[in-house]
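First up is the structure itself, then whatever we jot down about it.
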Amino acid sequence: MARHLITSALPYINGIKHLGNMVGSMLPADVYSRYLRQRGHDVLYICATDEHGTPAELAAKERGLPVDEFCAQAHDAQKAVYDGFALAFDYFGRSSSAENRDITQHFARKLNENGFIEERAIRQVYSPTDGRFLPDRYVEGTCPHCGYDKARGDQCENCTRVLDPTDLIEPRSAISGSTDLEVRETKHLFLLQSKLQHEVEEWVARHEQDWPQLASSIARKWLTEGLHDRAITRDLDWGVPVPADTWPELAAEGKVFYVWFDAPVEYIGATKEWADQNPAERDWKSWWYEADDTVRYTQFMAKDNVPFHTVMFPATELGVREPWKKVDYVKAFNWLTYYGGKFSTSQKRGVFTDQALDILPADYWRYFLIANAPESDDSSFTWEHFTATVNKDLADTLGNFVNRVLSFSRKRFGDEVPAGGEPGEAETRLGEEIASLLAEYETQMEALQFRKAASALRALWSAGNSYLEEKAPWLEIKTDKDAAALTLRTAMNLIHLYAVVSEPFIPSSSAAMRAAFALPDDTATWITPEEARTLTTLQPGIPFTVPPVLFAKLTDEDLETYKDRFGGQPA
């Protein structure tokens, strides 16, 4: 089987992430990783907190903590939430690790040796009030492109345009709020992306036909506009230090690499962190170095991260002139909105992941988010839509099917799978339908079309309900007990199938369904369409229990409670 390297965009360290962050990178990466593992592939799913740059310093300042202490606490807090969402990372690292520091510095030295880094004197915003140069994110103001008045000096959160601090209208210090700003000269390192333009274009051209249109169009747009040389160092107290053996003057001034330069390297750094925990059995380089023919690398991210992963980091890897693995497939997502307005960590607008877990278990959120993933365009979260989806798909279609089959069978036939008669025409038709739907589900999962995959999974659940309504065992049992037993046994086999193939979407509920049956040696990781056609995994006599209610139906009162707490429209 193939080896699959999977990464999701690194979440910033400054606070718990919102549902838009979850569905835009980490959750679909987890769903895909789980699916590939079930199909027998060798999978390594890597992520980490992005801990350098001004967001960390500003958040630490707000909390009154040293930045390293703040980052350690915030990493643990984020990891706890991701554990709550059942994200099955192979490793969740930290960009402040020694491994990332060493590899980032190695990349910088190699880029310098190859003529792709240049030291330049530039004019930079300086705040006399704060007594320091202000890195990009320490400067806020109005975006000159869209007029958004809370744009940062590196990028406008509203229109996603990359900015320089001097581009902003009416700039102010993010530290003190002072508008008394000056522009002074200082020295920084620049990555000469302009010299790598043609190499990046050739590389993108070899891959873009395979990428989603969203990813390829963004990459092409950046290349059409032309790659510009960009500063890769900043005046900060927190970050990967510029190595003194190569740039002694800048190192003495305390320069650190800018977060956009070191953060993508952390994909490699986190893999080495993972390997360093068990070096006798783990080889990090086999995933990243000279791995083009042995590893399939898939990245997951929201659209604002696409330029960094399709253009800027590939330019870095190309310029190093070493055989580092580059991404094969970029799964890009649009935005999940909150009643049509943007989720925003900085403005605390929308539902945040820790709040979501306080309200309902993770499987409710996992299913809803993936079933409504913003793939082709932006998707809107509303409490009305969430409640309707939970009630219709999870509570009624799946949960009710499981409960009524097992409860009715236990009431009429006891605590073992009943025997009944031989399968007939209805069971044959059902087997063919399930095989077809399962094949469609596999096709969409392989293609990373998550909404279509969710639709196929939902259709699998619906097929069981249609079969049950057609056979009506509550009526059959009045005239033909064996026929009713066959129907229930077939339905129980469907429950077991649902438990296996639904696991990427709803792992906890799938485990509960699977645990309902005391099936000896139940080691199946997947059920193929051909195997599903017969629906005979559960033989008569196997003990079963009725699990607790899988999904509680949400009431109108619940809906109003959620809207009162979070608002029924964006702030």
Show the numbers, then the answer: is there a ring-ring contact (aromatic ring centres under 6.0 Å, His included) between F313 and W260? CA-CA 9 Å; F313 186 52; W260 78 258; 9.6 Å; no
When you check the gap from the basic side-chain N to the acidic O, do [X] and [Y] get nearer than 4.0 Å?
{"X": "R366", "Y": "D30", "result": "yes"}
{"X": "K150", "Y": "E157", "result": "no"}
{"X": "E375", "Y": "K331", "result": "yes"}
{"X": "D229", "Y": "R120", "result": "yes"}
{"X": "K342", "Y": "D378", "result": "no"}
{"X": "D130", "Y": "R132", "result": "no"}
{"X": "R296", "Y": "D42", "result": "no"}
{"X": "K61", "Y": "E57", "result": "no"}

Apply the ring-ring contact (aromatic ring centres under 6.0 Å, His included) test between F368 and each candidate in W383, F505, F381; give the one that qualifies. F381
Could you check if a side-chain atom of [X] sits within less than 4.5 angstrom of a side-chain atom of [Y], using non-hydrogen atoms only?
{"X": "V327", "Y": "T298", "result": "no"}
{"X": "K255", "Y": "R234", "result": "no"}
{"X": "D328", "Y": "L5", "result": "no"}
{"X": "H4", "Y": "V295", "result": "no"}
{"X": "T166", "Y": "V125", "result": "yes"}
{"X": "Q193", "Y": "R230", "result": "yes"}

If only side-chain N and O atoms count, and only distance matters, is there a donor-acceptor pair under 3.5 Å linking S95 with E266?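 There is no such pair between these side chains.
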Taking the six-membered ring for Trp and the full ring for Phe, Tyr or His, determine whether the centres of [X] and [Y] are under 6.0 Å apart.
{"X": "H309", "Y": "Y267", "value": "yes"}
{"X": "H188", "Y": "Y258", "value": "no"}
{"X": "W287", "Y": "Y297", "value": "no"}

Using 30° and 60° as the class limits, which term best fits the ring planes of [X] and [Y]: parallel, tilted or perpendicular?
{"X": "F386", "Y": "Y562", "answer": "perpendicular"}
{"X": "W222", "Y": "F308", "answer": "tilted"}
{"X": "F450", "Y": "F300", "answer": "tilted"}
{"X": "Y32", "Y": "Y35", "answer": "parallel"}

Tell me if the NE2 atom of H145 is crowded by more than 12 foreign heavy atoms within 6.0 Å. yes
A quick test of your reading: do over 12 heavy atoms of other residues, nucleotides or ligands sit less than 6.0 Å from CD of Q277? yes
Regarding K285 and the six-membered ring of Y289, is the cationic atom NZ or CZ under 6.0 Å from the ring centre and inside 45° of its axis? yes
Honestly, is R184 close enough over Y126, meaning NZ or CZ under 6.0 Å from the six-membered ring centre and within 45° of the axis?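 Flagged: R184 positioned over aromatic ring of Y126.
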What is the distance from atom CG of L111 to atom CD1 of I117, rounded to the nearest 0.5 Å? 4.5 Å
How far does CD1 of I46 sit from OG1 of T271, to the nearest 0.5 angstrom?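 If we round to the nearest 0.5 Å, I46:CD1 and T271:OG1 are 4.0 Å apart.
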Is there a side-chain hydrogen bond (donor to acceptor under 3.5 Å, both in side chains) between E170 and T142? Walk through the geometry before answering. CA-CA 6 Å; E170 297 181 350; T142 299; 4.8 Å; no
Decide ring-ring contact (aromatic ring centres under 6.0 Å, His included) for F257 and H52; before the verdict, give the C-alpha distance in whole Å, the side-chain angles of both, and the deciding distance to 0.1 Å. CA-CA 9 Å; F257 287 108; H52 291 142; over 10 Å; no
So, using ring pair (Phe, Tyr, Trp, His ring centres under 6.0 Å) as the criterion, who are the partners of Y45 when residues are at least two apart?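 F89.
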Would you please test R109 and D245 for salt bridge (Lys or Arg N to Asp or Glu O under 4.0 Å) and show each step? CA-CA 9 Å; R109 291 187 186 99; D245 58 8; 3.1 Å; yes
Evaluate the criterion side-chain hydrogen bond (donor to acceptor under 3.5 Å, both in side chains) for residue pair E208 and S216; output intermediate values, then yes/no. CA-CA 5 Å; E208 63 180 334; S216 59; 5.1 Å; no
Considering all heavy atoms of both residues, which atom of A373 and which atom of F333 are nearest to each other, and what is their separation? CB-CE2, 4.0 Å
